[in-house]
Every structure is written in structure tokens, then in C-alpha cells.
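Below is one structure, written out as C-alpha cells, with a few remarks after it.
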Amino acid sequence: MNPRAQDFAEKVADLHLHSRFSDGTYGPEEMAARARQCQLAAIALTDHDSVEGCAGTARACEAAGIEFIPGTELTAEQDGNELHFLGYFIDTQNPRLLTQIARFQAVRQNRIREMVARINRLHVPLSADAVFALANCRAPGRPHVARALVAAGLCATPDEAFERFLRKDRPAWVPKFKMSAKEALELIHQAGGVAVLAHPGLNRTDEVIPGLAEAGMDGLECFHTKHSPATAERYQELAGRFNLLVTGGSDCHGLSKGRVLIGTVKVPYQYVEALRARAAEIKASAAARVTP
Ligand code: AMP
Ligand code: FE
Ligand code: FE
Ligand code: ZN
């Protein structure tokens with residue numbers, strides 16, 4: 001084995017993490033400290049509809065000797081199915097990305113108000129301000145409503161809150177505006193990012209994968225907390241068939257989902273190198289388009 005390959009063999013990465021800037025609980029320093037504890041060589045921050053945590057987490061990772069990959073997780077829709085796209089190595093200052101993210105965040109905030117109004121109609125006295133105070137971020141979501149219900153003593157656990165109110169087709173569930181899958185891919189690409197379909201095993205809509213690959217999607221998140229070994233195997237096979245990159249991560253939300261997951265799903269560092277190489281190609285072709 002050459003030294004470089006050996007180097008890689010020991011290095012692993014967790015490429016799917018949420019922080020307190022979306023529905024996770026860790027701030028930048030704690031994220032970096034946990035990553036170090038788990039002996040991760042690299043991590044990617046993939047907050048829902050947010051890149052706000054990237055700058056601080058990059059600094060904390062640098063101090064801890066961990067490589068940081070800026071990312072986000074965008075929600076899209078195709079044929080009535082919700083799809084999540086991870087964007088890796090995105091330019092977190094990209095104007096169009098920031099404009100669109102601000103729109104998605106406004107949609108999220110309005111949706112919280114609507115969910116709370118529906119909860120109030122059931123004579124459960126939650127206030128939207130309590131949810132916003134607890135969320136303390138620009139991209140609040142249902143997990144924050146669930147935690148606020150628990151904090152106010154109105155539900156025993158977040159799970160109960162989802163079961164009674166927040167799950168799809170429960171009384172406080174509110175549909176959310178979603179861009180199309182094509183728009184998500186384009187948004188990530190024009191920001192210089194690599195677009196990867198998150199946790200395809202949770203969508204159970206594998207038939208969308210060939211079309212997404214055709215539309216320029218770069219990769220599949222084959223390894224994920226909720227993918228069994230057989231599921232991971234199936235997506236690796238699909239990735240090979242459609243010439244897609246392979247990624248993986250724990251989808252850790254800190255303490256907000258009971259179990260801390262960071263480091264429980266890790267991928268070899270070669271996958272990071274492959275993502276970086278693809279990001280360089282995407283950035284080069286974007287630059288070629290603006291400078292004819
Ligand atoms: P939102 O983006 O507001 O629709 O919320 C989605 C988030 O809620 C994701 O992070 C999910 O993991 C989480 N979530 C969805 N369903 C449940 C559930 N039944 N119990 C706990 N968390 C859930
Ligand atoms: Fe989440
Ligand atoms: Fe997701
Ligand atoms: Zn996620």
C-alpha cells in the first residue's frame with residue numbers, strides 16, 4: 001500500500017450533521033469537540049435551509065484539527081414525494097443561494113405560526129414565540145415545535161408531539177412550499193456545490209434516481225443511520241449503475257432526537273476526495289459559463 005492510500009485508510013468522515021442553526025442542538029465548538037472525540041478526520045455541516053453555522057464551525061474545526069466541508073440540506077419535491085438534497089463544498093456567500101435560503105427560512109417561520117394556530121384550535125396553549133425562542137435560529141422546523149410542546153409541559157416527549165400533532169396528516173401538519181428537484185440541483189450547482197440525494201432509503205422512491213442522475217445529480221447518500229446494510233448495498237449498486245458518487249453520514253441532530261449519532265456512520269476519506277474533485281469540476285464549469 002502506498003503511504004497515501006494508507007493515510008486514507010485510517011481517515012474517516014461523517015458527512016451529514018445538523019447544528020443549532022437548524023434542528024440540531026450543538027453549536028460550533030461542541031460539534032468540533034465531538035468530531036474530535038469520534039476521531040473524524042472531516043465533517044460536513046448540512047443544516048436544513050441554512051448555511052449560517054458554516055463559518056463558525058469551520059473556525060472551530062480548524063482549531064480542533066478537523067477538516068470542514070461547508071454544506072446544507074435542501075428540501076425539494078418531485079411527483080408529490082419529498083426529496084432532500086445535500087449540497088457539499090458550496091460557496092456559502094453565493095448570492096442566489098443566500099436569497100433562496102432566506103425565502104425558505106421565511107416559509108419555515110410562517111409555517112411555524114400556522115402549525116401553532118392549528119395546535120391552539122385544539123385548545124393546547126402553545127405560543128409561536130415560545131417556539132421561536134427555543135429554536136433561536138432562522139430555520140425553525142417541526143422538531144422545534146415538538147420540543148416547545150415538551151418544554152411547556154403539553155406533551156411528554158417529542159415523539160408524542162409528532163404523533164398527536166405534527167406528523168403528516170395529523171391536525172397541526174402544514175404542507176411546506178418546496179422547490180422542484182431540478183431547481184434544487186441547479187441551486188446547489190450554481191453555488192459551486194456537489195448535489196447528493198440524502199437518505200434515499202427513507203423516500204422509498206428509487207424510480208426517481210435515473211431521472212435525477214440525468215438532470216445532473218452528482219451522488220447518493222448510501223450510508224445513513226436509517227439504512228440497513230442491505231439498503232446501503234442497494235444504493236451503492238445504483239450509484240455504480242448511474243455513475244454517481246457515494247456519500248454517507250449519521251444525520252446527527254445532537255441531543256434533539258434522543259441519541260447522539262455523530263460518528264456512528266462514517267465513510268472513508270476517499271469519498272471526501274471524490275466530492276472535492278467533483279466540486280472543483282463544477283466550479284470550473286460555472287466559471288467558464290460566466291466568463292465566455
Ligand atoms: P420540517 O423540516 O419542519 O418538516 O421537519 C423535518 C424534521 O423533523 C426532520 O429533521 C425529521 O427528521 C424530523 N421528523 C420528521 N418526522 C419525525 C417524527 N415522527 N419524529 C421525530 N422527528 C421527526
Ligand atoms: Fe432535521
Ligand atoms: Fe433529511
Ligand atoms: Zn438531515
Side-chain angles (χ1 to χ4, degrees), residues 13-27 31 34-35 43-54 57 69-78 81-88 90 101 104-105 107-109 111-112 115 131 134-148 158-159 161-162 166-168 173 176 178-179 181 184-185 188 193-205 208-209 212 217 219-227 231-232 235 247-267:
D14 185 337
L15 301 175
H16 192 152
L17 299 168
H18 295 271
S19 77
R20 69 171 173 79
F21 292 98
S22 68
D23 55 352
T25 58
Y26 293 154
M31 189 71 85
R34 292 279 179 165
I43 62 167
L45 185 66
T46 55
D47 276 318
H48 300 283
D49 296 338
S50 177
V51 291
E52 210 184 340
C54 287
T57 309
I69 299 156
T72 187
E73 182 173 10
L74 301 178
T75 305
E77 187 169 43
Q78 178 157 311
N81 295 309
E82 182 168 313
L83 302 173
H84 292 183
F85 289 100
L86 299 160
Y88 290 117
I90 43 167
I101 278 181
F104 303 144
Q105 292 174 347
V107 167
R108 282 179 170 275
Q109 289 159 20
R111 181 173 178 244
I112 298 282
M115 287 193 284
V131 179
L134 181 143
N136 190 29
C137 72
R138 294 179 189 162
R142 285 180 292 162
H144 297 115
V145 180
R147 277 156 60 198
D159 272 348
F162 268 92
L166 301 169
R167 255 181 50 192
K168 187 161 192 252
W173 182 75
K176 186 167 64 179
K178 301 180 199 82
M179 68 189 137
L185 297 175
I188 291 168
V194 181
V196 172
L197 182 62
H199 43 66
L202 302 193
N203 315 326
R204 291 183 213 91
T205 49
V208 300
I209 290 171
L212 293 173
M217 182 175 73
L220 280 183
E221 186 179 51
C222 298
F223 300 96
H224 182 272
T225 300
K226 295 200 172 155
H227 285 180
T231 300
Y235 288 112
T247 74
S250 64
D251 209 351
C252 181
H253 286 68
L255 302 168
S256 83
K257 285 193 182 170
R259 203 160 78 83
V260 170
L261 295 170
I262 182 171
T264 57
V265 177
K266 322 179 245 225
V267 294

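The structure displayed is predicted, hence computed values, not measured ones. In each ligand, atom 1 is the first atom listed, and ligand 1 is the first ligand listed. Numbers for residues simply follow the sequence, beginning at 1.
In this structure, the ring-ring contact (aromatic ring centres under 6.0 Å, His included) partners of Y235, at least two apart in sequence or on a different chain, are H227. Shown here are the ring-ring contact (aromatic ring centres under 6.0 Å, His included) partners of H84, two or more places apart in sequence or in another chain: H199.
D23 contributes OD2 as its N, O or S atom closest to the Fe ion (ligand 2). Within H253, the N/O/S atom positioned nearest the Fe ion (ligand 2) carries the name NE2.
Contact of the M31 side chain with the I262 side chain is registered, since non-hydrogen atoms from C-beta on lie closer than 4.5 Å. Using a 4.5 Å heavy-atom threshold, the side chains of H224 and V265 count as separate.
Of the residues listed (R20, H18, R34), the one engaging Y26 in a side chain to side chain donor-acceptor pair (under 3.5 Å) is R34, and it is the only one. For the side chain to side chain contact (heavy atoms under 4.5 Å, CB included) with L17, the qualifying choice from L261, D251, I69, I43 is I43, the only one to do so. Checking I209, L83, N81 one by one against N203, the side chain to side chain contact (heavy atoms under 4.5 Å, CB included) holds for a single residue, L83. The one candidate from T46, T57, D47 that meets the side chain to side chain donor-acceptor pair (under 3.5 Å) condition with S19 is D47.
Within the 3.5 Å criterion, the main-chain N or O of P140 finds no donor-acceptor partner in the side chain of H48.
Less than 2.8 Å away from the Zn ion (ligand 4), the protein contributes these N/O/S atoms: H16 NE2, H18 NE2, E73 OE1, D251 OD1. Among protein atoms, those of element N, O or S found less than 2.8 Å away from the Fe ion (ligand 3) are E73 OE2, H84 ND1, H199 NE2.
Closest approach of D49 and Q105 over heavy atoms only: O-NE2, 2.9 Å.
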